[in-house]
Amino acid sequence: KASVMEGDKFDYEEMKDSHEKSQAKSAFEALQEERKRLPMYPYRDELLKAVHDHQVLVIVGETGSGKTTQIPQYLHEAGYTKRGMIACTQPRRVAAMSVAARVSQEMGVKLGHEVGYSIRFEDCTSEKTILKYMTDGMLLREFLGEPDLASYSVVMVDEAHERTLSTDILFGLVKDIARFRPDLKLLISSATLDAEKFSDYFDSAPIFKIPGRRYPVEINYTKAPEADYLDAAIVTSLQIHVTQPPGDILVFLTGQEEIETAEEILKHRTRGLGTKIAELIICPIYANLPTELQAKIFEPTPEGARKVVLATNIAETSLTIDGIKYVIDPGFCKMKSYNPRTGMESLLVTPISKASANQRAGRSGRTGPGKCFRLYTAYNFQNDLEDNTVPEIQRTNLANVVLTLKSLGIHDLLNFDFMDPPPAEALLKALELLFALSALNKLGELTKVGRRMAEFPLDPMLSKMIVASENYKCSDEIISIAAMLSVGNSIFYRPKDKQVHADNARMNFHTGNVGDHIALLKVYNSWKETNYSTQWCYENYIQVRSMKRARDIRDQLAGLLERVEIELTANSNDLDAIKKSITSGFFPHSARLQKNGSYRTVKHPQTVHIHPSGGLAQVLPRWVVYHELVLTTKEYMRQVTELKPDWLVEIAPHYYQLKDVEDSSSKKMPRGAGIAS
Ligand code: ADP
Ligand code: MG
């Protein structure tokens with residue numbers, strides 16, 4: 001029988017059986033008691049008064065005080081939802097989902113009914129929805145359909161301190177609509193104390209402070225820098241487990257792969273400790289963790305056991321896990337960096353800021369005195385860490401945002417009301433790219449192509465690839481490829497003990513050296529032919545979950561194609577047509593083979609390599625187009641397809657000239673001869 005605590009299954013109203021009903025009722029009542037114990041609760045009426053008195057309010061309160069889960073409920077209880085929905089934005093998808101699930105439990109309603117969430121490619125809301133948790137990016141997209149956000153009575157831009165790109169753009173947009181919608185309430189909430197900046201930006205909006213309850217946290221540093229922080233984190237976790245009094249452990253790691261590795265090693269080493277040691281429950285949490293497993297981190301730790309949560313930055317302020325007493329902070333996170341000169345973007349493991357380090361430490365002192373183990377030296381902390389993280393807007397590719405703003409009719413981007421403006425160079429680069437993709441004309445105005453592209457919640461190069469597929473009559477194949485690319489790097493499954501089998505299975509899709517994009521298409525189509533069989537996925541070392549997600553995304557892309565009036569046409573025998581569509585979006589990502597087996601990007605020459613897991617890694621075609629670059633030990637191209645150099649001139653004559661694509665080593669060969677070899 002399902003436990004009444006399981007958020008999405010718990011529906012107080014609909015429960016028929018009276019015994020269950022009384023059980024549900026007591027769980028429901030217990031939740032109401034819990035709500036009243038949150039630091040936020042004593043300030044409920046004061047907050048409601050402040051919201052009533054002011055249109056814009058900046059709210060500051062420590063993580064875990066109840067901002068995200070309680071404020072929208074208070075406003076609902078005070079009647080604000082009679083005039084429209086309450087939106088609460090989150091920088092991260094997992095946070096939006098998890099918080100919505102929690103709030104639906106607290107309100108005793110089914111998730112997706114009165115309380116729902118909306119994240120890219122997943123809309124869990126209905127006609128009934130009044131509290132809508134959503135990613136900041138999704139609210140940004142809602143402006144496209146409803147520029148005055150008329151269906152909302154309150155917009156709460158939560159986790160404002162994170163300063164994600166979408167949040168920063170939202171600031172400018174909501175500030176603007178608040179001027180002509182006096183009935184709209186605007187809440188900007190943040191977990192850090194630098195609220196003055198938000199207040200200044202929003203015309204001196206008042207700041208509402210919720211005093212935190214924080215216990216002292218003892219900070220420990222390492223004596224010398226750690227060569228391998230992952231190993232150090234694992235060893236420290238085990239030491240805490242064996243020597244320290246009860247209390248759960250939170251370890252900050254940089255991403256899924258690292259977390260999975262840590263999980264495996266921890267499992268292995270705890271087995272070695274024997275039965276005298278208490279049980280250690282390992283809970284991973286990262287953006288792509290399947291929903292079913294996300295709830296596990298919130299389950300209370302059984303008596304006598306200890307929980308260790310292996311988390312990405314998501315646990316820094318977005319999610320609060322009760323019971324954490326020990327924090328292990330290796331001092332790193334994954335961060336986007338962007339070089340506006342070359343237009344290249346990569347995800348890098350980077351040292352965190354002092355502000356982040358202090359947030360992380362604070363996670364251990366919520367319910368009692370805590371301890372934080374920093375796996376770096378006190379000297380490192382003082383001298384090497386920046387005070388604050390640079391806002392994303394200043395270190396990212398802006399093409400997507402510029403396209404959105406242009407679609408909203410905002411033309412003068414240099415004078416947009418940014419809280420912190422992006423580098424002018426990055427703005428120009430974005431305009432240049434959108435012009436090259438034919439999304440903008442010479443005057444910087446949106447073209448028909450651009451308008452169609454903006455309908456797709458994808459990066460402009462991907463949307464262009466889709467829009468261009470109309471010309472090559474292969475939209476059917478292209479949306480499958482786009483969906484597979486959007487799922488990310490989790491299609492192929494490669495268990496440590498079966499790597500050879502997994503690699504062989506993967507290479508089956510590469511027969512004929514078709515390139516990674518077409519291999520992804522083959523995976524999708526083969527799965528479809530088996531009628532979406534799970535068994536087939538197991539046999540081919542393919543992750544079922546990722547495939548289902550690809551299918552969902554594909555369905556939505558098919559719907560969007562209809563909206564922009566592009567017919568769904570299949571052209572599966574013409575691989576060149578498919579490759580030309582890909583090139584139409586990704587021509588700025590072209591590279592040419594060098595004598596030593598490396599590649600040189602064509603436009604802003606830089607040395608890159610085919611990722612060893614790529615299907616063409618042994619083939620080394622003369623000319624390629626790639627999906628993305630990842631920097632690990634080298635700068636690697638991921639998802640690579642061969643192209644003919646004349647396509648570049650044919651498809652993007654404004655971008656490439658003949659001299660760019662002529663092979664200096666083989667000037668006499670006819671153009672395009674390179675591909676025959
Ligand atoms: P804030 O936004 O101020 O950081 P929240 O509203 O997120 O605070 O959290 C308030 C409380 O709700 C915390 O004690 C947290 O543990 C609990 N909570 C939030 N989300 C969940 C969830 N998905 N499951 C269980 N408890 C949760
Ligand atoms: Mg919050």
Side-chain angles (χ1 to χ4, degrees), residues 3-10 27-28 30-44 47 58-76 86 88-107 111 115 117 124 131 133-136 156-162 164 167 187-193 195 208-214 248 250 283 285 289 291-301 307 309 311 313-325 359-360 362-368:
S3 134
V4 290
M5 294 300 291
E6 282 179 47
D8 44 357
K9 288 180 195 133
F10 172 43
F28 181 75
L31 275 176
Q32 299 316 306
E33 289 308 307
E34 254 183 68
R35 287 186 64 195
K36 290 184 184 153
R37 284 196 295 271
L38 288 170
M40 191 67 231
Y41 184 71
Y43 299 91
R44 181 182 184 277
L47 177 81
V58 176
I59 301 172
V60 179
E62 222 158 276
T63 304
S65 44
K67 299 182 298 299
T68 312
T69 53
Q70 304 307 306
I71 294 175
Q73 290 189 75
Y74 296 166
L75 294 168
H76 165 58
I86 297 176
C88 178
T89 67
Q90 298 292 311
R92 297 188 171 84
R93 337 188 287 134
V94 177
M97 293 159 77
S98 146
V99 167
R102 170 70 174 191
V103 173
S104 70
Q105 275 177 20
E106 291 185 356
M107 286 178 54
L111 183 61
V115 182
Y117 65 85
C124 179
L131 303 189
Y133 289 91
M134 62 213 295
T135 51
D136 45 10
M156 172 163 165
V157 182
D158 200 8
E159 302 277 311
H161 62 274
E162 289 244 354
T164 59
T167 287
L187 309 180
I188 311 297
S189 61
S190 158
T192 53
L193 298 171
F208 191 96
K209 286 204 175 105
I210 304 143
R213 288 180 208 144
R214 217 198 240 214
D248 296 335
L250 171 60
C283 301
I285 179 89
L289 188 72
T291 331
E292 318 88 84
L293 301 178
Q294 283 169 19
K296 193 178 153 200
I297 63 162
F298 292 107
E299 280 167 19
T301 313
K307 183 156 78 180
V309 180
N313 240 359
I314 188 159
E316 202 173 283
T317 61
S318 306
L319 288 184
T320 300
I321 306 146
D322 292 327
I324 299 292
K325 207 173 165 57
Q359 282 293 334
R360 288 179 174 190
R363 298 304 102 241
S364 67
R366 273 192 71 240
T367 39

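All ligand and atom numbering here is 1-based and tracks the order in the structure.
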Straight-line distance of [X] [atom1] to [Y] [atom2], nearest 0.5 Å:
X	Y	atom1	atom2	result
Tyr133	Cys124	OH	SG	13.5 Å
Ile71	Leu187	CD1	CG	6.5 Å
Tyr41	Ile210	OH	CD1	15.0 Å
Asp158	Met156	CG	CE	4.0 Å
Thr317	Gln90	OG1	CD	8.5 Å

Is it true that Arg102 and Thr69 share a donor-acceptor pair across their side chains at a distance under 3.5 Å? no

For Glu159 and Thr167, which I'm curious about, is there any donor-acceptor pair between the side chains at under 3.5 Å? no

Does any N, O or S atom in Thr69 come within less than 2.8 Å of the Mg ion (ligand 2)? no

Polar side-chain atom of Lys67 near backbone of Ser189 as donor-acceptor pair, under 3.5 Å: no

Between Arg366 and Gly64 (side chain of the first, backbone of the second, donor and acceptor by atom type, cut-off under 3.5 Å), is there such a pair? yes

Considering only the protein, which heavy-atom contact is closest to [atom], and what is its distance?
atom	answer
atom 15 (C) of ligand 1	Thr320 O, 3.7 Å
atom 25 (C) of ligand 1	Arg102 NH1, 3.3 Å
atom 1 (P) of ligand 1	Gly64 N, 3.4 Å
atom 7 (O) of ligand 1	Thr68 CB, 4.0 Å
atom 6 (O) of ligand 1	Thr69 OG1, 2.5 Å
atom 24 (N) of ligand 1	Phe298 CG, 3.3 Å
atom 11 (C) of ligand 1	Leu38 CD2, 3.8 Å
atom 8 (O) of ligand 1	Gly66 N, 3.1 Å

Would Asp322 count as being in polar contact with ligand 1, using the rule that some N or O on each side must be under 3.5 angstrom apart? yes

Compute the shortest N/O to N/O distance between Gln70 and ligand 1 and return yes if it is under 3.5 Å, no if not. no

Output the list of atoms in ligand 1 that are nearer than 4.0 Å to some heavy atom of [X], sorted by atom number.
X	value
Ser65	1 (P), 3 (O), 8 (O)
Glu62	3 (O)
Ser98	23 (N)
Thr63	4 (O)

Answer side chain, backbone, both or neither: which part of Arg366 comes under 4.0 Å from ligand 1, heavy atoms only. side chain

Would Asn313 and Arg360 count as a side-chain contact (heavy atoms from CB on, under 4.5 Å) if you check the C-alpha gap in whole Å, the side-chain angles of each, and the deciding distance to 0.1 Å? CA-CA 9 Å; Asn313 240 359; Arg360 288 179 174 190; 3.0 Å; yes

